[in-house]
Amino acid sequence: MVSPHGVQLATHLISSFYGDLCSKVCECLLRRGTLTLAQIIRFTELSRENVINCLRVLIHQNCVQAFAIQQEGAFGEAPRIITQYMALFDNMIHKMRAPKFMQIVSEELGKDCLGIFQGLIQHGRLSINQIIDRNEQTAGSADVHVVRESFNRLLIARFIERCPAPEPFLAPPADGETPAKKRGAKSAKIGEERQTTEQRALAAAAPMDSMRFLMEMDDPSEEKSEECTNSVTVGEKRKQDVLKSDEDALDADKKKEVLWRVNFEELVRRLRHKACVSYVKMRINDEAAIVLSAMLELSRHSETRQKAENSAYLSINAIYDEVIKKEGGLGMDFERIRASLEQLGCQCLETGVDENYSIDIKGIIESAQTEEVESVVLRRYGREAYRIFRLLSKAGRFLESDKISDTTFVEKKDTIKILYKLWKDDYLHMEKVMTSGAKQSLFLLWRVNKEPLREHVLDEMYHAALNLRLRIAHEQDKGKEILQLPREKLVGELEKRYKLLGKVRVILESSLMNLDEAIMLFHDF
Amino acid sequence: MSRRPVNPSLKRKRPETDSPGLVDAERAILNSIKGKKDLGIWARDIKQETKLTDHVVNKSLKSLLAKKLIKEVVNIQNKGKKHYMAVEFEPSKEISGGEWYVDGNLDKELINVLKQLCFRYLRTQKVATLEGVYNELKKNRVVTFDISNQQVSEILNSMVLDNDLIEVKSTGLGDYHSIPIGTVCYRIASAAGVAKGPRMGAFASIPCGACPRISLCTPNGVISPGTCVYYTKWLSIDF
Ligand code: SF4
C-alpha cells in the first residue's frame with residue numbers, strides 16, 4: 001500500500017496536471033485499491049460520464065491500468081467477466097520528474113530525440129503518425145525520415161516502449177492468492193514472491209519482450225498494427241472473444257494504431273546508476289566511480305529486474321576496455337582498476353585464465369539510504385542523537401539504555417531523553433523488559449528497525465515534497481501581481497522584487513529536485 | 001544505646017582487620033558496608049541490615065567518616081541517595097558510571113581532549129591500529145592517569161560513531177604496509193573520501209527535514225507550508 005503522504009503527493013500532482021476530477025478518481029483508487037467502474041462511481045460520487053472521462057485520461061497518461069477478471073456468479077449464475085482499474089502510483093509520481101528524464105534523453109541523444117520524447121511525456125501515449133504530425137507542428141519541419149530515425153534511436157536506447165495491452169484478461173486466481181488491497185501489512189511481507197492480482201495484471205498487460213522495443217519497418221497499416229496489439233497477450237484476445245465489456249465507452253481509447261509511451265523503467269535505471277556513481281565518487285574517489293560506471297554500463301542490458309542487486313560478472317578485460325573510454329579513465333591501468341575494484345568491495349570470480357568481477361549495487365544503495373536517514377537525525381535531533389542512532393543502526397540488534405550511554409559518551413539522563421524522542425517520532429523501536437527476582441528492575445531495550453524506518457522516512461519525504469510544491473505555489477501566488485506586470489514596468493523596487501521571486505523559485509525547485517532524488521533512492525532504486 | 005549484638009554471625013566472625021576503638025554498633029555498620037565491597041550501600045539499607053535505629057546509624061556513620069574508615073560515594077543510578085563505601089574500595093562501574101565519570105558526572109572534557117589527541121595522531125599517521133594509538137598515548141604521557149587499552153578503544157569507537165573516523169581492515173599495501181593484512185585499523189573519515197564527515201542529505205537540507213513539527217503540518221492546517229515560518233526564515237537567509 002502506498003504511504004499516506006505518498007497518496008497526498010500523487011493526488012496533488014494529478015490535480016495540478018489533469019484537474020480535480022481526475023485527482024479524485026486517483027485518490028479513490030490509491031486509498032481503496034483496485035476497483036470496478038461502479039465502485040469508483042459510488043465512492044467518488046461523481047457522475048458515470050465524469051468517471052469514464054477521467055479514467056480515459058488517466059489510462060492515456062499511464063496512471064491507471066485496466067484489467068478483466070472472472071468473477072464467480074452468485075447463486076449458480078454463470079461467472080461474469082468484470083473490468084477493474086488499478087492506480088499506477090509510481091507513474092503518477094514520475095510526472096514530477098519529467099525534467100530529469102528529459103535531461104537524460106537530451107544529454108544522450110540530442111535535440112531531435114528530445115522533441116519526440118517531450119511529446120510522449122506530455123501526451124502520455126502517441127502513435128508514430130501522431131508523433132510525426134506533432135513534430136510537424138512544433139518544429140515546423142516535416143522530414144519524416146528524421147523523425148523516424150530519432151524515434152528509432154529512442155527505441156534502441158529503450159527510452160520509449162510499446163504501450164501495454166489496454167485490458168488484459170486474468171485467468172481466475174490460483175489457490176491462496178489474495179488481492180493486494182486485502183492483504184495486511186504482515187502478510188505482504190511473507191508473500192514477497194507470491195504475486196498480487198495487480199502484479200499479475202501488469203505482467204499480463206506488458207508487451208512481450210521481443211515486441212516491446214520493436215518498430216515495424218513498413219508503414220503500420222491499420223489491420224497490421226491491430227494484430228500486433230492483439231497478439232500482445234493471449235488474455236487480451238480471449239477477453240475480446242469472450243466479453244463485450246460494459247464499459248465500451250472506454251474502448252474508444254484503444255486506438256487502432258500501435259501506441260508508444262515513455263519507458264520509465266529504463267530511465268529510472270539510468271538514474272539509479274547515476275546515483276550509485278556519484279555516491280561512490282563522493283565516498284571513495286573518482287577512479288572508483290569511473291570503474292563503477294564502466295561496470296554498470298556493461299551490465300545494463302543484462303539487468304532484467306528493475307532493482308538488480310548485483311551486476312553481472314564482468315571480465316577484467318571488458319572492464320578495462322570500457323574504463324579507458326570514459327572521461328578520466330584513459331590513464332588507468334589494470335593495477336589501478338584492480339585497486340578500485342577492491343575499494344568497491346567487488347566480488348572476484350576466477351575461472352581459469354579469466355578474472356571476473358561483480359559489484360554489489362544494493363549495498364551501495366543501502367549505504368546511501370543510511371546516510372540520508374542519519375543526516376536527518378543529525379539535523380533534527382543533534383550530534384549526540386546522531387551518535388546514538390548510528391550505534392543502534394550499526395549494531396542491528398537491541399541494546400540497553402546504559403550500554404548505549406556508555407558507548408556513545410552521552411550522560412545517562414540525556415541518553416534516555418534522546419532515546420524517547422527518537423522513539424516517539426518513530427525512528428526507534430523500544431521494548432521494556434522486567435527482570436523478576438528479589439530486585440525487580442525495568443530495562444529498556446532499543447533498536448533501529450530498518451524496514452519500517454525506511455518507509456517512515458520515505459513518507460516524511462513525500463510529505464516534504466508536497467510541502468515544497470505547495471510553498472512554490474504559495475510564493476507564486478504572493479508575487480502574482482508582479483509576475484503579471486509587463487516587462488517594461490519592472491524597474492526599481494519592482495524589478496528587485498521580481499528578481500527575488502525568481503531566486504526563491506529556483507531555490508525551491510532545485511531543492512525539490514534534490515529531494516526527489518532522495519525519494520527515488522528510497523522508493524525506486 | 002543497645003548493646004545487644006544484632007547479628008550474631010557478625011560478632012562471631014570478628015574480622016581480622018578489626019579497627020580498634022569502635023563501639024559495637026559502629027563495627028556492625030562498618031562490616032555491613034565492607035560486605036558490599038565496591039558496590040557501596042545506601043544508608044537506609046544499612047538500617048535494614050543492622051536493625052539499628054536511625055539515630056544510631058547516623059551517628060555511627062558520622063563517626064566512621066571522621067575516622068576515615070568509610071567514604072561517601074555518588075551512585076550514578078540514583079544521585080540523590082547517599083551511598084557509603086569502605087575507604088579501601090574504589091566504586092565499581094555500576095556505581096560510578098565507569099572510568100569516564102567523575103563524581104557522577106560524565107567527564108566530557110577529558111573525553112574531548114582524548115578525541116582530539118587521537119585525531120591529531122591519526123592525521124599524521126594516516127592509519128593506525130588500536131595498539132598504535134594506545135602506545136602513542138602512553139608513550140607521550142599526555143594523560144596523567146593510567147589510560148587503559150579498553151578506554152582508548154572506547155574513544156576510537158565513539159569517533160567512528162561520530163563519523164570522524166572510519167574503521168577499515170588493513171590490505172597490507174600502501175599506507176597499510178606495516179600493518180598485518182586483515183587487522184582492524186582506523187583512519188580519518190574525510191581523508192578516505194572526498195566528502196568530509198557526515199554529509200548533509202537532500203532531505204536534511206530543507207526546512208521540513210529538520211522540522212520537529214512535520215507530523216502536525218498539513219496543507220490547510222494551523223501549521224502549513226504556506227504559513228511556515230521555517231520556510232520564511234530559510235528563504236530570507238539564503239539571499
Ligand atoms: S512546511 Fe514548515 S512546518 Fe511544515 S513540515 Fe515543513 S518546515 Fe515543518
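Letters A, B, ... are given to chains in the order of the sequence lines, protein chains preceding strands, and every chain is numbered from 1.
Among all heavy-atom pairs drawn from A:Gly6 and A:Ile93, the shortest one is O-CD1, 4.4 Å. When all heavy atoms of B:Val127 and B:Cys185 are compared, the closest pair comes out as CG2-CB, 3.5 Å.
Interface summary for chain A: among B:Val168, B:Ile206, B:Asp107, the most heavy-atom pairs under 4.5 angstrom belong to B:Ile206. Among A:Leu508, A:Ile519, A:Leu466, the residue with the largest count of heavy-atom pairs under 4.5 Å with chain B is A:Leu508. Highest contact tally toward chain A, considering only B:Ser224, B:Ser158, B:Pro212, is held by B:Ser158 [criterion: heavy-atom pairs under 4.5 Å]. Interface remark: of the candidates A:Leu521, A:Val457, A:Leu470, A:Asp425, A:Leu470 forms the most heavy-atom pairs closer than 4.5 Å to chain B.
Proximity of the aromatic rings of A:Tyr427 and A:Tyr381 is defined here by a centroid distance below 6.0 angstrom, and this criterion is met.
In this structure, B:Trp42 and B:His83 have parallel ring planes: the angle between them is below the 30° cut-off, well short of the 60° mark. The aromatic rings of A:Trp446 and A:Trp423 sit perpendicular to each other, their planes meeting at more than 60°, with 30° as the lower class boundary.
Neither the backbone nor the side chain of A:Asp459 comes within contact range of chain B; no heavy atoms are under 4.5 Å apart. For B:Val160, the parts sitting under 4.5 Å from any heavy atom of chain A are the backbone and the side chain alike. For B:Ile111, the part lying near chain A is the side chain, with the backbone staying farther off; criterion is any non-hydrogen pair under 4.5 Å. Heavy-atom distances place both the backbone and the side chain of A:Leu468 under 4.5 Å from chain B. Proximity to chain B (any heavy atom under 4.5 Å) is restricted, for A:Val410, to the backbone atoms N, CA, C and O. There is no contact between A:Glu517 and chain B, counting heavy-atom distances below 4.5 Å. Heavy atoms closer than 4.5 Å to chain A are found in the backbone of B:Thr227, but not in its side chain. With a 4.5 angstrom heavy-atom cutoff, B:Cys228 touches chain A via backbone and side-chain atoms both. Using a 4.5 Å cut-off between heavy atoms, A:Lys394 touches chain B through its side chain atoms alone. Looking at A:Ser393, there are no atoms closer than 4.5 Å to chain B (heavy atoms on both sides), in backbone or side chain.
For the residue pair A:Asn467/B:Tyr231, the side-chain donor-acceptor check at 3.5 Å is not satisfied.
Residue B:Ser32 holds its OG atom at 12.0 Å from NZ of B:Lys47, rounded to the nearest 0.5 Å. Interatomic distance, B:Leu122 CG to B:Met159 CE, rounded to the nearest 0.5 Å: 7.0 Å.
Without hydrogens or angle criteria, A:His474 side chain to B:Gly226 main chain gives a donor-acceptor distance under 3.5 Å.
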